[in-house]
*Asks:* 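Structure in C-alpha cells, see below.
Because only heavy atoms are used, hydrogens play no part in the values below, and waters and symmetry mates are left out as well, while side chains stay in. Labels below follow one simple rule: chain letters A, B, ... track the order of the sequence lines, proteins then strands, and each chain is numbered from 1.
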Amino acid sequence: MSKEAIDKGMFKGARISIKVLDATIISGIIILSTIFLYYFFR
Amino acid sequence: MEKNQRIQKKFLDGLSLKDKGGRQKIREFLIDNSLYIFLIGAIIAIEIYSPKFLSVSSIINIISLSAANLPIALGIAGCIILTGTDLSAGRIVGLVACVSASLLQASGYQNKMFASLPTLPIFLVLFIALGLGALVGLVNGFCTAKFNLHPFIVTLSTQLIVYGLLLMYLNIGTNNGQSISGLDNSYTSFIKGSFLKIGTTPIPNFVWYSIIITVIMWFIWNKTVFGKNMFAVGSNPEAANVSGVNVSRTIILVFMLAGILYGVTGFIESARIGSNSAATGLNYELDAIAACVIGGVSFVGGIGKIRGVIIGVVLLRIIFVGLTFLSIDSNMQYVIKGLIILIACAIDMRKYLVRK
C-alpha cells in the first residue's frame, strides 16, 4: 500500500486495514512465541 | 423516581463507555508495543534459562557487536526517513573492508596482496574507506534524486555492481579470490585494542568510535539545517520543495552520508573480523533495516530518532546472542529475523493509519 493510497484512502478502508494489521501482528507474535517456547522447553 | 433511574442509567452508560475506552487504550498499547514486550520477555526467559547470558563478559560482547553494526544502521535510517532503503549497504561494507584490509596488511606477511606496497598510514586508509563509501553513496543518491527512481531499484543495481567490483578486486595479482588476512598490528590494535577493562573483560576501541559517530549523527539529525531538511523531505517532498528546500541535494547528501557510515563500518569490520572475503558484509543491511524498523524509524517517511536506532540495534543483537544461548539453529534464526521485521513493519503501518 503506497503512502499516497493511504492518504487518499477512504476512512472505512483504513479501518479494515487496521484490523488486518492487528491480525498480522498478533499471529506473528504467536508464531514467534511458539518457536521460542519450543526451543525453551526442548 | 423515574428521573433518578434515568440519571442512574446515564451514569452506568458513562461508566461502561469509560471502561470500553480504557480497554481500547490498553489493547492499543499492547499491540503497538507487542514486539518490545515479546523481546523483553524473551530476554528475561533466556536469562532464566542461562544465567551467563547477562554476565559482564556477555554484555560487553553484546555491546561490541551492537557498536560494530550501529554506524550502518544509522546510515540506513537516514535512507528510510526519506521513504527509501539501501540494499547496497552490506556490499559497500564488504568492498571497503577488503580494500582496507589489502592496504593494511603487515609488511612481512607471506600472502600479501600488494607485495611491493608498504603498509599505509591508518588515517590515509580510513580516508580512502570513507571516500569509497561516499562515492557509492553519491551514485545511489544521484540516481535516486535526478532520475526520480525508487532507492530500492537503484541500490539493488549498485549492490550488484559493487559485488562484481569486489570479486574482481579479490582476483587482483596472485590473490585468486582468497580472503585477505595478516593485518598490520597497528591497525588491529587501533580497532580492537582497549584502554578500559570492566573486570577482566576489555572494551574494544571501536565501541568508543561508534559512540562518537552516534553523537555526531545525533547532532546532524537534530541540530543542523540539513537534518531538518531530511525530515521535511521524508515526510512530504512536495511541501519541502515549495518551502525552499533543495530536495535533490538533500537526497544526495543523505545517501552520501549513509555511504560514509558504511565506509566506517567496513573499516571497523575489516580489523574486527581479521579475515575478509567476498562474503564480508553479506546481509548486514537486513539486520540494519530490521533494527531501524524495531527502533521506530518509519517506512512512511519523516519519522525516526537516533535513540530508536540504538534501541533497535541493541535489542536485535541481544535477541540474536540469546538465540545462540538457547541453541536455536541458524536456519531458524533467519525465520525469526524475518518475522521480527514483518511484525515491526505491520506495527509501523498500524501506527501511521491510527494517526490518520
*Asks:* With ring centroids as reference points, do B:Tyr49 and B:Phe325 lie under 6.0 angstrom apart?
*Replies:*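 No, the ring centres sit 6.0 Å or more apart.
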*Asks:* Just give me the residue among B:Ala42, B:Ala344, B:Gly41 that pairs up with chain A most often, heavy atom to heavy atom, under 4.5 Å.
*Replies:*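 Result: the option with the highest number of such pairs is B:Ala42.
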*Asks:* Top residue by heavy-atom pair count (under 4.5 Å) with chain A, among B:Leu326, B:Leu323, B:Val335?
*Replies:*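 Maximum pair count with chain A is reached by B:Leu326.
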*Asks:* If you look at every heavy atom in B:Met230 and B:Gly78, which pair is closest and at what distance?
*Replies:*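 In this case the closest contact between B:Met230 and B:Gly78 is SD-CA, 4.2 Å.
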*Asks:* Using heavy-atom distances under 4.5 Å, tell me whether B:Leu35 contacts chain A through its side chain, its backbone, both, or neither.
*Replies:* both
*Asks:* Mind checking the CD1-CD1 spacing from B:Ile31 to A:Ile25? Nearest 0.5 Å is all I need.
*Replies:*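 Between atom CD1 of B:Ile31 and atom CD1 of A:Ile25 there are 6.0 Å.
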*Asks:* Minimum heavy-atom separation for B:Ile76 and B:Ala288, please, with both atom names.
*Replies:*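 Where B:Ile76 meets B:Ala288 most closely, the heavy atoms are CD1-CB, 3.8 Å.
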*Asks:* When heavy-atom pairs shorter than 4.5 Å are enumerated against chain B, which of A:Leu32, A:Thr24, A:Ile35 gives the highest number?
*Replies:*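 Greatest number of close heavy-atom pairs with chain B: A:Leu32.
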